[in-house]
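This one's a predicted model, so the numbers in the text were calculated from it and none came from an experiment. The sequence lines fix the lettering, A, B, ..., with proteins before strands; numbering per chain opens at 1.
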2 protein chains.
Amino acid sequence: MTVTARDRLLQAATEAFAEHGYGATTTRDIASRAQMSPAAVYVHHATKEELLFAISLAGHEDAMRVLSAASAESDEPIERIRAMVRAFSDWHARNSRIGRVVQYEFGALTPEHRAVIADLRRRMEQHLRDALVAGVDEGVLEVADVRGTARAVLSLSVDLVRWFEPSGAHTASELADLHADLAIRMVRAPSTPV
Amino acid sequence: MTVTARDRLLQAATEAFAEHGYGATTTRDIASRAQMSPAAVYVHHATKEELLFAISLAGHEDAMRVLSAASAESDEPIERIRAMVRAFSDWHARNSRIGRVVQYEFGALTPEHRAVIADLRRRMEQHLRDALVAGVDEGVLEVADVRGTARAVLSLSVDLVRWFEPSGAHTASELADLHADLAIRMVRAPSTPV
DNA sequence: GTCTATAAATTGATAGAC
DNA sequence: GTCTATCAATTTATAGAC
């Protein structure tokens with residue numbers, strides 16, 4: 001895999017956006033991080049917003065891919081949800097800078113781009129809701145408010161991008177395992193054996 | 001309570017920072033929202049960052065006050081934690097724009113101001129950790145990782161500022177009750193009666 | 001404490017050479 | 001596809017009148 005100028009540019013923009021936010025990031029800062037001139041940025045993307053959209057779309061698609069793969073690991077609701085939360089937290093921890101752009105810069109997208117991303121988000125949330133409903137139907141989960149609980153479970157995974165540091169108290173794996181455990185405790189029917 | 005120009009300014013800046021982020025907000029935008037000239041902003045605060053610090057400090061102190069008050073409601077660990085999570089989620093839902101500035105613009109502060117805010121945050125987290133440890137000692141809670149679980153419980157309350165809308169599917173009260181319930185399920189010892 | 005006017009620097013994006 | 005140079009607009013912040 002050759003690292004192209006376009007790759008360097010996306011990497012540089014991701015770091016800059018994650019560090020200062022989209023609006024506060026200058027194209028000169030991006031260019032400097034990617035070791036190119038300010039003008040070279042515009043060879044690859046017409047506007048700064050198009051750069052953001054490319055990063056946000058790829059990030060959302062990768063997160064969705066990871067969530068779907070985890071969902072397919074098991075047919076049993078508890079193990080399925082455990083795998084989904086573990087994978088989602090793990091992804092956000094290992095890709096915390098992309099995650100920050102993905103989660104915090106949604107409002108900076110154009111209305112057209114925002115609609116594309118909103119659809120991806122809806123599908124991710126629906127994926128988790130489906131798993132919760134299946135578990136309730138099988139009687140192994142007890143979830144009074146599926147919509148709110150799905151949001152809460154996702155909050156657990158997503159919010160870590162706000163503070164996670166690889167050098168911190170937990171590795172990505174440790175945090176993912178902890179979150180998976182906590183999520184299961186949030187939704188498991190009391191009668192279910194551990 | 002008279003609404004002073006300074007109040008209008010803080011209110012305007014909070015809304016602008018929450019909507020576009022600190023870096024992307026212009027002093028002209030703030031002035032226009034507060035119905036004053038661009039120059040009038042500088043009568044009340046020397047720099048844009050001082051405005052941010054004033055908002056962030058007041059927000060953190062108010063959240064801390066709410067958390068402490070809730071903690072004092074009960075001596076029993078489960079009810080204490082239920083009250084703390086309910087109050088913290090409720091505050092973030094009812095003050096979601098202040099919450100967004102408080103949570104997302106930490107990095108935009110000067111190192112000196114950042115240190116002040118970091119200390120307040122440490123104390124809030126410690127407050128919740130103390131309640132968890134007390135519950136474990138009394139045998140009503142089962143928490144393998146106090147530090148990680150405290151963070152996770154706070155994530156539940158904090159992350160809602162990213163998406164909460166008063167016109168949405170849940171009111172602030174409903175969401176706060178749900179989060180309090182979910183948090184208790186995360187930490188309660190299985191043997192404890194509901 | 002408010003305004004108008006403006007300084008001084010920085011911004012996103014483009015022109016044109018190589 | 002990269003660069004240097006630059007435009008036109010916008011930025012934070014200030015000067016000075018009222």
I'd like to know if the side chain of [X] and the backbone of [Y] have a donor-acceptor N/O pair within less than 3.5 Å.
{"X": "Arg114(A)", "Y": "Leu109(A)", "answer": "yes"}
{"X": "Asp7(B)", "Y": "Thr4(B)", "answer": "yes"}
{"X": "Arg8(B)", "Y": "Ala34(B)", "answer": "yes"}
{"X": "Ser71(A)", "Y": "Leu67(A)", "answer": "no"}

Side chains of [X] and [Y]: closer than 4.5 Å at any heavy-atom pair?
{"X": "Ser96(B)", "Y": "Trp163(B)", "answer": "no"}
{"X": "Glu76(A)", "Y": "Val140(A)", "answer": "yes"}
{"X": "Arg162(B)", "Y": "Gln103(A)", "answer": "yes"}
{"X": "Arg33(A)", "Y": "Ile30(A)", "answer": "no"}

Can you list, in residue-number order, the parts of [range] that come under 4.0 Å of DNA chain D, counting heavy atoms only?
{"range": "residues 3-28 of chain A", "result": "Ala5(A), Arg28(A)"}
{"range": "residues 47-54 of chain B", "result": "Thr47(B), Lys48(B)"}
{"range": "residues 31-38 of chain A", "result": "Met36(A), Ser37(A)"}

- Write down the distance between NE2 (His45(A)) and P (dG1(D)), rounded to a whole number of angstrom. 13 Å
- d(OH, Tyr42(A); P, dC7(D)) in whole Å: 17 Å
- Kindly write out the residues that satisfy side chain to side chain donor-acceptor pair (under 3.5 Å) with Thr110(B), not counting sequence neighbours, or none if the list is empty. His113(B)
- Item | Counterpart residues, side chain to side chain donor-acceptor pair (under 3.5 Å), relative to Arg121(A) (two or more places apart) | His60(A)
- Task: Using the side chain to side chain donor-acceptor pair (under 3.5 Å) rule, collect all pairs that involve residues 130-144 of chain B, keeping only residues at least two apart or in two chains.
- Result: Gln126(B)-Asp130(B)
- Note on the structure: Tyr104(A) meets the ring-ring contact (aromatic ring centres under 6.0 Å, His included) criterion, sequence neighbours left out, with Tyr104(B)
- Note on the structure: Joining Ile, Leu, Val, Met, Phe, Trp and Tyr whenever any side-chain heavy atoms lie under 4.5 Å apart, the cluster holding Ile98(B) also takes in Val66(B), Trp91(B), Val102(B)
- Item | Co-members of Val43(B) in a cluster of I, L, V, M, F, W and Y side chains, linked at under 4.5 Å |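 Result for Val43(B) is none, singleton.
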- Degree of bending, the helix from dG1(C)-dC18(D) to dC18(C)-dG1(D) (end axes from five pairs; round to 10°): 0°
- Task: Apply side-chain contact (heavy atoms from CB on, under 4.5 Å) to Ala40(B) and list each qualifying residue two or more places apart in sequence or on a separate chain.
- Result: Met36(B), Ser37(B)
Output a table of nitrogen or oxygen pairs between the protein and nucleotides 15-18 of chain D separated by less than 3.5 Å.
none

- Would you say dT2(D) has OP1 or OP2 under 4.0 Å from some side-chain N or O of His44(A)? yes
